[in-house]
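Okay, so here's the structure we're looking at.
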Amino acid sequence: MFERYEVSTVLLDLFDNQLNLLKKAYLQALKNDLYIDENGRYFAYILKRAPEFILEYMDWIYQQKAQLYHFDDTRDYSFLWRSDNYEQLMRQIIEYVYNQNQLVLGTIRIDKFFILSADAQDNETLWKRQDHILMRLLEFRCDDIPFIQFIFDIITDFSYKRRRLFVEFFIRYNKKFEDFEKLRLEPSSWSCVGSWVPVHQKRVEYLESLLPLFNSVAFLQHKQYVEQRIQSLWEKIEIEKKQDFMHD
């Protein structure tokens with residue numbers, strides 16, 4: 001049904017009393033072709049009638065990863081952020097992945113659920129929805145550092161401006177330096193084309209933008225910590241400049 005036809009809601013409505021059958025059919029169709037529902041239309045239809053299906057879907061992903069070593073979930077989840085009940089759905093996904101990742105080695109990359117289509121016209125709105133959920137979680141669990149680390153691992157792929165907002169928001173609710181220094185402020189890996197100098201300069205620019213957040217005695221250690229990281233980057237920049245000069 002999913003493969004051969006442009007399924008209409010009229011046809012799907014016939015399954016209103018057999019949602020379990022529709023769920024099984026949908027997951028089997030995905031197993032055969034992960035891109036069969038690229039825009040999430042059918043997924044959204046099921047979720048609207050059975051929001052709990054999001055957890056069944058997450059279980060299914062874990063099963064695929066356990067059975068198929070090469071399984072790679074690369075679908076676009078922007079449609080979830082456009083749902084009327086996006087907050088309920090995404091909170092469940094975040095909690096689910098966090099709890100599962102504490103228990104098993106085969107993990108789901110939570111950041112995949114936060115990657116939006118580059119050409120989507122509503123990205124600004126969807127980014128605000130993402131920030132709203134994550135900041136609410138930071139507020140209510142600001143002292144649960146393993147969970148906060150998990151959240152910061154998500155936001156390291158955000159723009160510098162958004163990342164700075166999260167740092168500012170976190171220290172508003174948790175001023176402990178010993179907690180702050182456990183958080184990842186930048187991505188864990190970098191890449192470049194040609195010289196590393198521009199990459200490190202951008203990193204310095206971001207870290208320097210954080211310094212005004214720590215202009216009080218309560219954040220003296222925070223500021224010194226960030227300044228040390230900046231100094232380390234300037235040293236790397238000087239080394240890279242010398243190597244670039246030698247290679248020219």
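Computed over heavy atoms, backbone and side chain alike; hydrogens, waters and symmetry mates excluded. Treat the numbers as computed from the prediction; the structure is a model and nothing was measured.
- With sequence neighbours left out, Glu95 forms a salt bridge (charged side-chain N to carboxylate O under 4.0 Å, His left out) with Arg141.
- Both cation-pi conditions hold for Arg49 and Tyr45: the charged atom is under 6.0 angstrom from the six-membered ring centre and inside a 45 degree cone around its axis.
- The shortest side-chain heavy-atom distance between Phe169 and Glu139 falls under the 4.5 Å cut-off.
- With hydrogens and angles ignored, the 3.5 Å screen pairs a side-chain donor or acceptor of Ser195 with a backbone N or O of Val197.
- For the pair Leu220 and Phe177, the minimum side-chain heavy-atom distance is 4.5 Å or more.
- Ser78 approaches Ser117 most closely through the heavy-atom pair OG-N, 3.4 Å.
- There is a side-chain donor-acceptor pair under 3.5 Å between Asp59 and Tyr96.
- The hydrophobic cluster containing Phe53 also contains Ile36, counting ILVMFWY residues as joined when their side-chain heavy atoms lie under 4.5 angstrom apart, directly or transitively.
- A single hydrophobic cluster is not seen to contain both Ile115 and Met90; linkage of ILVMFWY side chains at heavy-atom distances under 4.5 Å, directly or through other members, places them apart.
- Residues meeting the side-chain contact (heavy atoms from CB on, under 4.5 Å) test with Leu165, sequence neighbours left out: Met135, Glu168.
- Between Phe180 and the choices Phe219, Tyr173, Phe170, Phe214, the ring pair (Phe, Tyr, Trp, His ring centres under 6.0 Å) rule is met once, by Phe214.
- Two residues are said to be in side-chain contact when any heavy atoms from C-beta on lie closer than 4.5 Å; Arg41 and Phe79 fail this criterion.
- In this structure, CZ on Phe147 lies 8.0 Å from CG on Leu138, to the nearest 0.5 angstrom.
- Hydrophobic clustering (ILVMFWY, side-chain heavy atoms < 4.5 Å, transitive): Leu55 and Ile46 are in one cluster.
- Contact annotation: the side chain of Val226 never approaches that of Leu213 to less than 4.5 Å [non-hydrogen atoms, C-beta and beyond].
- Tested against Ile239 for a side-chain contact (heavy atoms from CB on, under 4.5 Å), the candidates Gln243, Lys242, Lys236 yield a single pass: Gln243.
- Interatomic distance, CD of Glu208 versus CD of Gln201, reported as 10.5 Å (0.5 Å rounding).
- Every residue two or more places apart in sequence or in another chain that forms a side-chain contact (heavy atoms from CB on, under 4.5 Å) with Glu52 is listed here: Lys23, Ala50, Glu56.
- By the 4.5 Å heavy-atom criterion applied to side chains, Leu134 and Phe114 are counted as neighbours.
- Nearest heavy atoms, Asp144 versus Tyr98: OD1-OH, 4.3 Å.
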Take Leu126 and Tyr86 through the side chain to side chain contact (heavy atoms under 4.5 Å, CB included) test and state the conclusion after the steps.
CA-CA 10 Å; Leu126 302 186; Tyr86 76 92; over 6 Å; no

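- For the pair Leu116/Gln130, a side-chain contact is recorded, criterion being any heavy-atom separation below 4.5 Å from C-beta on.
- In this structure, Val204 and Leu207 have side chains that are not in contact, with every pair of non-hydrogen atoms separated by 4.5 Å or more.
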Go through Ile148 and Lys182 one step at a time and tell me if the side chain to side chain contact (heavy atoms under 4.5 Å, CB included) criterion holds.
CA-CA 9 Å; Ile148 299 301; Lys182 295 175 183 176; over 6 Å; no

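- A cation-pi geometry, defined here as NZ or CZ lying under 6.0 Å from the six-membered ring centre and within 45° of its normal, does not hold between Arg163 and Phe158.
- Expressed to the nearest 0.5 Å, how far CZ of Phe152 lies from CZ of Phe166 amounts to 8.0 Å.
- For the atom pair CG (Leu89) and CZ (Phe43), the distance works out to 8.0 Å, reported to the nearest 0.5 Å.
- Residues forming a salt bridge (charged side-chain N to carboxylate O under 4.0 Å, His left out) with Asp37 (at least two apart in sequence, or on another chain): Arg75.
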Start with the C-alpha gap between Glu186 and Arg229, add the side-chain angles, then the distance that decides, and say whether side chain to side chain contact (heavy atoms under 4.5 Å, CB included) holds.
CA-CA 11 Å; Glu186 299 183 277; Arg229 294 186 59 164; 3.0 Å; yes

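- Rounding to the nearest 0.5 Å gives a distance of 12.5 Å between CH2 of Trp81 and CG of Asp76.
- Asn174 contributes a side-chain N or O that, together with a main-chain N or O of Cys142, makes up a donor-acceptor pair within less than 3.5 Å.
- Under the salt bridge (charged side-chain N to carboxylate O under 4.0 Å, His left out) criterion, Asp131 pairs with Arg162, not counting sequence neighbours.
- Look at Arg129 and Glu87 and you find no salt bridge, because none of the NZ, NE, NH1 or NH2 atoms lies under 4.0 Å from a carboxylate O.
- Atom CG of residue Asp111 and atom CZ of residue Phe113 lie 10.0 Å apart, to the nearest 0.5 angstrom.
- Within the 4.5 Å cutoff, side-chain heavy atoms of His132 are placed close to those of Arg136.
- Evaluation of the side-chain contact (heavy atoms from CB on, under 4.5 Å) rule for Pro51 yields Asn85, Gln88 as partners, not counting sequence neighbours.
- Side-chain N or O atoms of Ser209 include one that pairs as donor or acceptor with a backbone N or O of Tyr206 at under 3.5 Å.
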